[in-house]
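Below is one structure, written out as structure tokens, with a few remarks after it.
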Amino acid sequence: MARILIVEDEKAINTLIKKNLELVGHTCVSVFDGEAVFEEMEKNTFDLILLDIMLPKLHGFQVIQEIIEDVPVIFLTARGAVADKVQGLRLGADDYIVKPFDMIELQTRIETVLRRSNKADKVFSLCDAKIDFSSRQAFYKDELIDFSPQEFLLIESLIKNRNIALSRDKLLEIAWGYDYGGETRTVDVHIHRIRKKLGWENVIKTVYKLGYRLEVRQ
Ligand code: CA
């Protein structure tokens, strides 16, 4: 998983992001102003920086211009103006997320940026199952297992958001899209199949009244 620097002066938000990213297996360092970015980058190397714009000491737009290392940046900001977005991206940011955002959206954007910069994990193993994200294949005890595209999307979401509860609605939306008029019962049926096919009966937990969580000990 990746090493991520979180630059956000609102302590509660910074802590929340850190907690969620660590749950899925990333290693995070938090800093709370623009100058601290450079002190931290002298000590450590990072795969990704989450960078707030309105920061004490040094503005996010200044920070990104002074970073000399080749490390992807995602702006996190309360400012949703199009001009800000354009400027952020023009300054070299890889993505731009407007607060408030949900954690699953943040995880997804992070994964996309890491994949683009070749820093994402390509294979995930748990129990006797192995998932290969680049070939989009799944194996159980080294045997190739057949999955529908929807099932693969469900597996992928559970893995990328491991240890986080995902609602049935969210999973339905991820695998079948917004416009699909199906019922959340569909999710249950497919999760049941995934559990059986991958031998994940004990690691895909049912979360009471909500949905499912893939439990991975770190
Ligand atoms: Ca701020």
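Each ligand, and each atom within it, is numbered from 1 in the order the structure gives. These values consider heavy atoms only, across backbone and side chains, with no hydrogens, waters or symmetry-generated copies. Just so we're clear, the structure is a prediction, and the values are computed from it rather than from any experiment.
- Protein contacts to the Ca ion (ligand 1) involving N, O or S atoms at a distance below 3.0 Å are D9 OD1, D52 OD2, M54 O.
- Counting side-chain heavy-atom gaps under 4.5 Å among Ile, Leu, Val, Met, Phe, Trp and Tyr, I68 is found in no cluster with other residues.
- By the side-chain contact (heavy atoms from CB on, under 4.5 Å) test, D33 pairs with E35, A36, P56, K57, sequence neighbours left out.
- Residue L50 forms a side-chain contact (heavy atoms from CB on, under 4.5 Å) with just one option from V73, L21, V7, and that option is L21.
- The hydrophobic clustering, which links ILVMFWY residues whose side-chain heavy atoms are closer than 4.5 Å, places L48 and I97 together.
- A donor atom on one side chain and an acceptor atom on the other are found under 3.5 Å apart for D132 and S134.
- Judged as a side-chain contact (heavy atoms from CB on, under 4.5 Å), and not counting sequence neighbours, the contacts of R195 are I191, E201, I204, T206, Y212.
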